[in-house]
Amino acid sequence: MNAYKLNIYIVSALLVLLSACTRNDGDIGELYGLWRVVSIEDNGEELESYDGTLYFAFQSNVYCQRVVDESLHVYTDNFASWHYQSDDEIIVDFSDNRYAPFTITGMQKGQNLVRIEKCKGKDLEMSYVAADGTYYIYKLKKW
């Protein structure tokens with residue numbers, strides 16, 4: 001009888017673990033998760049003022065820009081929605097009035113077309129052309 005109860009417990013625990021998936025009933029692809037922005041280029045020049053504290057996160061249709069202040073152990077999140085426009089383009093939509101993109105990204109309120117230049121393993125490179133014509137390249141590492 002104890003072996004039967006143990007089997008029931010193990011099966012129940014496995015069902016709970018398998019149903020607790022954070023990917024919301026499906027894999028959203030290679031972008032899923034938290035990415036640290038390693039560098040930002042502005043018209044081909046690396047931004048020297050960028051201090052490496054920006055992160056991009058993708059889950060389901062939620063996008064997040066996070067700035068971390070490691071000395072104070074605090075962070076600030078700005079949320080948006082996102083979806084694939086094509087295989088190598090996404091729309092990041094900051095239409096919610098509570099959130100705005102961080103200035104250093106060059107993105108604006110509303111919809112932003114971001115191109116996925118390279119996504120291989122733990123390396124991601126994205127580009128964005130701002131409304132003023134500034135060409136941004138974000139180089140990211142999976143965190």
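All of these numbers come straight from a predicted model, not from anything done at the bench.
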For [X], salt bridge (Lys or Arg N to Asp or Glu O under 4.0 Å) partners two or more places apart:
X	value
Asp69	none
Asp123	Lys141
Asp77	Arg66

For Leu113, which fellow cluster members are found when Ile, Leu, Val, Met, Phe, Trp and Tyr are connected by side-chain heavy-atom distances below 4.5 angstrom, either directly or through intermediates?
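Members other than Leu113 - counting any ILVMFWY side chain reachable under 4.5 Å - are Ile91.
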Apply the hydrophobic cluster definition, ILVMFWY joined by side-chain contacts under 4.5 Å directly or through others, and give me every member besides Leu72.
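Members alongside Leu72: Val74.
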Sequence neighbours excluded - salt bridge (Lys or Arg N to Asp or Glu O under 4.0 Å) pairs with any residue from residues 83-95
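Sorted pair list: Asp88-Arg115, Glu89-Arg115.
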Is there any salt bridge (Lys or Arg N to Asp or Glu O under 4.0 Å) pair reaching into residues 40-51, and which pairs are they, with sequence neighbours excluded?
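Of all non-adjacent pairs touching residues 40-51, those that pass salt bridge (Lys or Arg N to Asp or Glu O under 4.0 Å) are Glu41-Lys139.
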Ile104 CD1 to Gln65 CD distance, which is reported to the nearest 0.5 Å
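Between Ile104 CD1 and Gln65 CD, I get 10.5 Å after rounding to 0.5 Å.
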My understanding is that only residues two or more places apart in sequence, or in another chain, count here; which of them pass side chain to side chain contact (heavy atoms under 4.5 Å, CB included) with Asp132?
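Residues passing side chain to side chain contact (heavy atoms under 4.5 Å, CB included) with Asp132: Ala130, Thr134.
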Any side-chain heavy-atom pair of His83 and Asn61 under 4.5 Å
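His83 does not reach Asn61 side chain to side chain.
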Output all residues satisfying side-chain hydrogen bond (donor to acceptor under 3.5 Å, both in side chains) with Gln85, sequence neighbours left out; order by chain, then residue number.
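Per chain and number, Gln85 pairs via side-chain hydrogen bond (donor to acceptor under 3.5 Å, both in side chains) with no residue.
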Does Thr76 have any side-chain hydrogen bond (donor to acceptor under 3.5 Å, both in side chains) partners at least two apart in sequence or in another chain, and if so, which?
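For Thr76 there are no side-chain hydrogen bond (donor to acceptor under 3.5 Å, both in side chains) partners, ignoring immediate neighbours.
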Please name all residues satisfying ring pair (Phe, Tyr, Trp, His ring centres under 6.0 Å) with Tyr99, sequence neighbours left out, ordered by chain then number.
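Ring pair (Phe, Tyr, Trp, His ring centres under 6.0 Å) check on Tyr99 returns Phe79.
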Pairs satisfying ring pair (Phe, Tyr, Trp, His ring centres under 6.0 Å), at least one member in residues 108-143, at least two apart
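Only Tyr55-Trp143, Phe56-Tyr138 qualify under ring pair (Phe, Tyr, Trp, His ring centres under 6.0 Å).
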